[in-house]
**Student:** 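This structure is in structure tokens; I'll ask about it shortly.
Everything numeric in this text was worked out from a predicted model, so none of it was measured. Scope of the values below: all heavy atoms of this structure, side chains included, with no hydrogens, waters or symmetry mates.
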Amino acid sequence: MKQPKTPPPPAFEQALTELEAVVDALEQGEMTLEDALAAFERGIGLTRVCQQALETAEQRVRILTDARPDAEPEPFDNP
């Protein structure tokens with residue numbers, strides 16, 4: 001049986017815009033519990049997409065600004 005394909009994650013800007021909409025909807029407090037939980041779950045996923053995009057961008061900036069010609073990406077440790 002063929003598994004349905006998972007859509008690719010949204011671009012950073014799209015994820016951030018959608019995350020802001022989710023937060024606004026949750027703040028209004030007019031959702032049912034099930035809808036609020038689903039929105040919260042979507043918000044968590046969007047937050048992870050945004051965090052990953054920012055970490056990737058930070059690594060690219062590190063590489064571009066590193067004075068060594070053989071610079072490689074380094075793991076990002078979030079304090």
Side-chain angles (χ1 to χ4, degrees):
M1 183 179 239
K2 194 174 185 179
Q3 295 287 333
K5 289 186 178 182
T6 304
F12 175 78
E13 292 80 5
Q14 181 183 359
L16 188 58
T17 299
E18 187 177 344
L19 180 58
E20 289 171 346
V22 167
V23 170
D24 288 342
L26 285 169
E27 286 178 340
Q28 289 179 7
E30 296 177 7
M31 292 183 176
T32 65
L33 178 59
E34 286 301 315
D35 289 343
L37 286 172
F40 181 76
E41 185 175 1
R42 178 66 179 154
I44 294 296
L46 292 167
T47 300
R48 290 181 179 144
V49 167
C50 290
Q51 286 175 334
Q52 181 62 46
L54 291 172
E55 288 172 7
T56 300
E58 183 174 0
Q59 283 185 340
R60 290 177 66 190
V61 169
R62 282 185 189 168
I63 291 169
L64 293 170
T65 59
D66 194 330
R68 297 177 300 142
D70 63 337
E72 294 289 328
E74 298 177 12
F76 176 73
D77 294 326
N78 198 358

**Student:** Among Arg60, Arg62, Glu55, find the residue that satisfies the side chain to side chain contact (heavy atoms under 4.5 Å, CB included) test when tested with Glu58.
**Tutor:** Arg62
**Student:** Side chains of Thr56 and Gln52 only: does a donor on one sit below 3.5 Å from an acceptor on the other?
**Tutor:** yes
**Student:** Report whether Leu19 and Leu26 are members of the same hydrophobic cluster (ILVMFWY, side-chain heavy atoms less than 4.5 Å apart, transitive linking).
**Tutor:** yes
**Student:** Assess whether side chain to side chain contact (heavy atoms under 4.5 Å, CB included) is satisfied between Phe12 and Leu54, documenting all intermediate values.
**Tutor:** CA-CA 8 Å; Phe12 175 78; Leu54 291 172; 3.9 Å; yes
**Student:** Quick one: closest heavy-atom pair of Ala25 and Met31, and the distance?
**Tutor:** CB-CE, 3.4 Å
**Student:** Calculate, to the nearest 0.5 Å, the distance between atoms OG1 and CZ belonging to Thr47 and Arg42 respectively.
**Tutor:** 10.5 Å
**Student:** Rounded at 0.5 Å granularity, tell me how far OG1 in Thr17 sits from CD in Gln14.
**Tutor:** 8.0 Å
